[in-house]
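Data first, discussion second: the structure below is written as structure tokens.
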Amino acid sequence: MAKEIFYTAVDIGTTKVCALVARVGSEGELKILGFGKTPSQGVQKGRIENLSEAQEAVRICLDDAQRYVSRGVVSGAYVGVSGSHLSCLNIKDTLTDPQDIGGITAHQIQRLLQASYPQVDPSQEVLHIIPTGYEVDGLPGVRNPTGLHAKQVQVEAHVVLGDAAVLKNSVRAVEGNRIPVRSLVAQSLASAEATLTGDEREMGVIMMDIGGGTTDVAVYRHGTPWFSTVVPVGGNQATGDLAEALHIPYYRAEKLKIKFGNALAELVRADEEVVVPGYQGEPQRVIKRRAMCEPLQMRLAELLKLAILRVNQAGLRHMPSGGIVLTGGGAEMEGFRELAQKITGSPVRVASPLGIAGLPAELRKPAFSSAVGVLLWGIKHQGDWKPSRSEPRHTWMRKLLAGRFQRTKEQEPEELPVGGPA
Ligand SMILES: Nc1ncnc2c1ncn2[C@@H]1O[C@H](COP(=O)(O)OP(=O)(O)OP(=O)(O)O)[C@@H](O)[C@H]1O
Ligand SMILES: [Mg+2]
């Protein structure tokens, strides 16, 4: 009988931390066995600022998630990371052999990817090198060159980098609970993994995960990631603005926002009213719901524009035909889809995790896209090559260069045109 494999995902967010334990059965079916969620502590805008608090939040989640599985099943975790220290670049690299590379093997492709490892500042760590396409003897757009004969094969890859010290803190928040980290996963790519359809990836799409403190953005083109970034603004700033506008504490503003918030104030009937509870001996007030929604709309519109500006600055001249996919807890607000449609003129969809049979109802919400995505990413990319943290870079580079192939001169990352929206 084929062996069952267990996977664990930990998603460390600004407002909540969650852990999932899942099993992949002999038929490839995925079953969530355990789930833990707790309010986040010690995390600011996706970045850990108090290690012991973050570690404790991770412990609570892992304990809950492991409650229904036998001891020892959780032997390593995939961990979602975010924060504006994450950046990306697209690279190209080429292998040539004046004779014939021969039937290109998977091993050679892996070596090519290894060789394409970018020169980065030692303070940076490479999180992902994702092959996005191949050019074989001048023929572009080859998705899988395995088995082809050629003199030259060129790989294009999307690379995600992060600040090594910041990432180390995420590793420690999990490993402090005696669970080794198998791999860190950028939350932008994780949420995209959980929400985007194949058609959207092919047509081109902008995915935004609007969390509490950050908005993780991923752009897919021709089926693969092309750009990813983190905007350090999320739903919590909208709550803060509301608290300030109404002169009430943050937690009361959060309750009002969740219950009556609408990201596009004009969608609220002009005569609708809400009761704002009194504070510090003042009586309660009745205000127009539409007026309450205005500061929310302003902040969320600004957030959307900021995210689109980043994508434009990366070189995307037109809104992609697959439109925009919104996810994350912040996208659960009424009217968010309509606001994004109004601002961008594109089709917009609010997405929850898809494609997992039997996903518990509690997890079928936009707020869990990134946690479910970390799990899916871990399962899909477990065999991918990644430089090991324990192996110094010069060691594997030397091993690599001792191989039969020559590398052509290192290429500059593709020059991306900068332009405004269409
Ligand atoms: N129904 C709702 N209406 C409006 N906002 C909501 C709703 N539900 C959740 N939110 C907002 O979503 C945000 C939290 O989203 P999420 O759980 O995805 O964040 P996170 O993953 O913890 O944070 P981050 O991704 O920024 O690190 C909060 O700002 C919260 O107010
Ligand atoms: Mg999140």
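One-based numbering, in listed order, for ligands and for the atoms of each. Computed from a prediction, not measured in an experiment: that's the story for all the values here.
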Tell me, which protein residue and heavy-atom name are nearest [atom], and how many Å apart are they?
atom                    : value
atom 28 (C) of ligand 1 : Asn236 OD1, 3.4 Å
atom 4 (C) of ligand 1  : Met333 CB, 3.5 Å
atom 17 (O) of ligand 1 : Lys16 NZ, 2.8 Å
atom 19 (O) of ligand 1 : Gly212 N, 3.1 Å
atom 20 (P) of ligand 1 : Thr15 OG1, 3.4 Å
atom 31 (O) of ligand 1 : Glu254 OE2, 2.5 Å
atom 7 (C) of ligand 1  : Ile258 CD1, 3.4 Å
atom 5 (N) of ligand 1  : Lys257 CE, 3.6 Å

Problem - Atom indices of ligand 1 within 4.0 angstrom of Thr214 heavy atoms, with elements - result: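 What qualifies from ligand 1 is 24 (P), 25 (O), 26 (O), 27 (O).
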Exercise for the section: Go through ligand 1 atom by atom and flag the ones less than 4.0 Å from a non-hydrogen atom of Thr14. Expected result: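 So the answer, numbered in order with elements, is 20 (P), 22 (O), 23 (O), 24 (P), 26 (O), 27 (O).
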Is [X] salt-bridged to [Y], going by a charged N under 4.0 Å from an acidic O?
X      : Y      : answer
Arg59  : Glu56  : yes
Lys288 : Glu273 : yes
Arg349 : Glu200 : yes
Arg289 : Glu334 : yes

Handout entry: Identity of the nearest option to atom 10 (N) of ligand 1, non-hydrogen atoms only, from Pro39, Ala253, Gly329
Key =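 Selected option, by shortest heavy-atom distance: Gly329.
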Handout entry: Structural part of Lys45 in contact with ligand 1, heavy atom criterion under 4.0 angstrom
Key =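 The answer is neither; Lys45 stays 4.0 Å or more away.
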Going by heavy atoms in the side chains, are [X] and [Y] under 4.5 Å from each other?
X      : Y      : answer
Ile48  : Glu53  : no
Ser87  : Leu161 : yes
Ile248 : Leu256 : yes

Practice task
Using non-hydrogen atoms of the residue, decide whether Gly213 is closer than 4.0 angstrom to ligand 1.
Solution key: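 The answer is yes: ligand 1 sits under 4.0 Å from a heavy atom of Gly213.
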Practice task
May I ask whether Gly330 places a heavy atom under 4.0 Å from ligand 1?
Solution key: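 Yes; Gly330 lies near enough to ligand 1 that a heavy-atom distance drops under 4.0 Å.
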Exercise for the section: Can you establish whether the number of heavy atoms outside Glu272 located under 6.0 Å from its atom CD is more than 12? Expected result: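 Yes, CD of Glu272 has more than 12 neighbouring heavy atoms, counting only those of other groups under 6.0 Å.
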Practice task
Count the heavy atoms belonging to other residues, nucleotides or ligands that lie under 6.0 Å from CD of Glu49, then report whether that count exceeds 12.
Solution key: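 Atom CD in Glu49 is crowded, with more than 12 foreign heavy atoms closer than 6.0 Å.
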Problem - Min N/O separation Ile12 to ligand 1 under 3.5 Å - result: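 In this structure, Ile12 places no N or O atom under 3.5 Å from an N or O of ligand 1.
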Exercise for the section: With side-chain contact (heavy atoms from CB on, under 4.5 Å) as the test, would you mind laying out the steps for Thr195 and Asp209 before giving the verdict? Expected result: CA-CA 10 Å; Thr195 58; Asp209 180 316; over 6 Å; no
